[in-house]
Number of protein chains: 2
Amino acid sequence: MRGVTGEGHRGAELGRELSTAVVMFHEAVGARLGVSAGDQRALALLDRRGPMSAGELAEATGLTPGAITGMIDRLERAGLVRRETDPADRRRVRVSGTGDGARSEVFQGLAAAMEAVVSRYDEAEQRVIADYVGRVVEVLREQTRKLTATHTR
Amino acid sequence: MRGVTGEGHRGAELGRELSTAVVMFHEAVGARLGVSAGDQRALALLDRRGPMSAGELAEATGLTPGAITGMIDRLERAGLVRRETDPADRRRVRVSGTGDGARSEVFQGLAAAMEAVVSRYDEAEQRVIADYVGRVVEVLREQTRKLTATHTR
DNA sequence: CGATTTAGTTTATTTTAGTGAAATAAATCA
DNA sequence: TGATTTATTTCACTAAAATAAACTAAATCG
């Protein structure tokens with residue numbers, strides 16, 4: 001970020017490259033699976049939380065129910081998500097991620113590679129890395145919070 | 001990534017959280033500046049490479065010339081980019097990022113926070129961190145390359 | 001110089017994803 | 001049970017951003 005981050009402090013410099021690489025990876029995954037950024041956010045939610053109802057997805061993504069129906073349609077058509085009526089409350093729709101081939105391949109490939117990177121270091125080093133990553137995550141969340149808080153959209 | 005990345009190996013686990021945090025941060029920046037993901041990609045390119053012509057932007061982003069004209073219009077209107085005719089070849093348009101207030105504030109805030117994180121560690125630890133981050137970036141780029149290569153879009 | 005090529009813009013059109021509100025159907029309340 | 005509430009879908013419409021192709025202007029080739 002030449003003109004943007006100022007001098008090339010190492011921490012910031014490192015962070016910038018990493019951040020760009022992450023974003024580009026996500027864009028590539030989206031392009032590969034033919035899925036939008038918003039749809040990927042929903043898939044990530046399902047990965048993390050497990051099956052959710054359409055309403056929970058609406059709540060979590062900030063979209064209207066109508067938009068969620070459309071999103072589930074798309075993802076179902078793409079074979080990335082399964083839609084079944086909740087037997088306990090048949091108004092509800094239970095949306096769960098399928099272990100779709102292409103998608104899981106992508107993430108397993110990444111997980112394996114990340115695992116390989118971490119395993120190069122000894123115990124103590126791994127602790128440093130884990131600590132660092134944890135703090136970076138905190139920083140990012142804090143900055144994200146600031147951004148969304150100030151704007152009050 | 002429950003069903004997707006398999007068991008909770010630490011490296012992958014860490015990576016997932018980090019990746020989500022990065023993506024959310026970028027989304028927040030976009031929302032704050034009122035700029036789309038695609039437009040942010042272009043801004044990042046300008047940050048990294050410095051001023052580019054409209055054609056170079058088209059090449060780099062994979063968009064058509066017409067789309068680039070529209071994008072430059074938007075970014076210029078938002079005060080994030082400057083458009084000037086190249087004096088050497090007056091058909092060409094030289095697009096350069098402005099050091100826009102809001103945007104540079106955001107990234108300087110992040111840079112400072114990242115810098116603070118890194119400075120917590122001693123020399124040796126910082127070397128480990130730098131090494132790790134460098135390798136992760138490589139992994140991400142490699143995986144991204146694979147994804148875009150296979151698909152041949 | 002005139003013809004051709006190159007860079008970017010314009011315009012008409014398409015695509016995508018969203019909204020808001022009405023409609024449908026199931027559950028719950030009195 | 002009938003009335004009401006809740007969950008999702010459908011439908012008509014909007015907005016943003018992309019495309020393809022025609023157009024304009026500048027550079028270069030012969």
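Here is the naming used below: chain letters follow the sequence lines, and residue numbers restart at 1 for every chain. These numbers were taken from a predicted model, which means no experiment stands behind them.
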For this session: Quick one: list whatever passes side chain to side chain donor-acceptor pair (under 3.5 Å) with E138(B), sequence neighbours left out.
Result: none
Identify all pairs in which a protein N or O lies below 3.5 Å from an N or O of nucleotides 9-11 of chain D, and state each distance.
from   : atom 1 : to     : atom 2 : distance (Å)
dT9(D) : OP1    : R83(A) : NE     : 3.2
dT9(D) : OP2    : T69(A) : OG1    : 2.8

Problem set entry | Value in whole Å for how far the C1' atom of dT5(D) lies from CG of D89(A) | 12 Å
Problem set entry | For D39(B), salt bridge (Lys or Arg N to Asp or Glu O under 4.0 Å) partners two or more places apart | R74(B)
Exercise. Among all residues two or more places apart in sequence or in another chain, which pass the side chain to side chain donor-acceptor pair (under 3.5 Å) test with D86(A)?
Worked result: none
Exercise. Do M24(B) and R41(A) come within less than 4.5 Å of each other through their side chains, counting heavy atoms only?
Worked result: no
For this session: Output all residues satisfying side chain to side chain donor-acceptor pair (under 3.5 Å) with R83(B), sequence neighbours left out; order by chain, then residue number.
Result: D73(B), E76(B)
Exercise. Tell me the side chain to side chain donor-acceptor pair (under 3.5 Å) pairs involving residues 57-67 of chain A, sequence neighbours left out?
Worked result: none
Exercise. L63(A) has an atom CG; how far is it from atom C1' of dT19(C), in whole Å?
Worked result: 10 Å
Exercise. Taking only residues two or more places apart in sequence or in another chain, which ones pass salt bridge (Lys or Arg N to Asp or Glu O under 4.0 Å) with E125(A)?
Worked result: none
Exercise. Would you say the side chain of V29(A) lies within less than 4.5 Å of the side chain of L110(A), judging by non-hydrogen atoms?
Worked result: no
Exercise. If only side-chain N and O atoms of R74(B) are considered, is one of them under 4.0 Å from the OP1 or OP2 phosphate oxygen of dA18(D)?
Worked result: yes
For this session: Output all residues satisfying side chain to side chain donor-acceptor pair (under 3.5 Å) with Y121(A), sequence neighbours left out; order by chain, then residue number.
Result: D131(B)
Can you give me the N/O atom pairs linking the protein to nucleotides 2-6 of chain C at distances under 3.5 Å, or say none if there are none?
from   : atom 1 : to     : atom 2 : distance (Å)
dT6(C) : O4'    : R91(B) : NH1    : 3.4
dT6(C) : O2     : R91(B) : NH1    : 2.9

For this session: Quickly work out the R41(A) CZ to dA17(C) P distance and round it to whole Å.
Result: 13 Å
Exercise. Are OP1 or OP2 of dT19(C) and a side-chain N or O of T64(A) less than 4.0 angstrom apart?
Worked result: yes
For this session: Find the distance M71(B):CE to dT19(D):C1' and express it as a whole number of Å.
Result: 15 Å
Problem set entry | Between C1' of dT8(D) and CD of E56(A), the distance in whole Å | 13 Å
Problem set entry | Nearest-Å distance for atom pair CD/P, residues E59(B) and dA7(C) | 11 Å
Problem set entry | Between P of dA16(D) and CG of L75(B), the distance in whole Å | 15 Å
Exercise. Hey, which of these two, S53(B) or G38(A), hits DNA chain C nearer its 5' end, going by closest nucleotide?
Worked result: S53(B)
For this session: Rounded to the nearest angstrom, tell me the gap between atom CZ in R90(B) and atom C1' in dT28(D).
Result: 15 Å
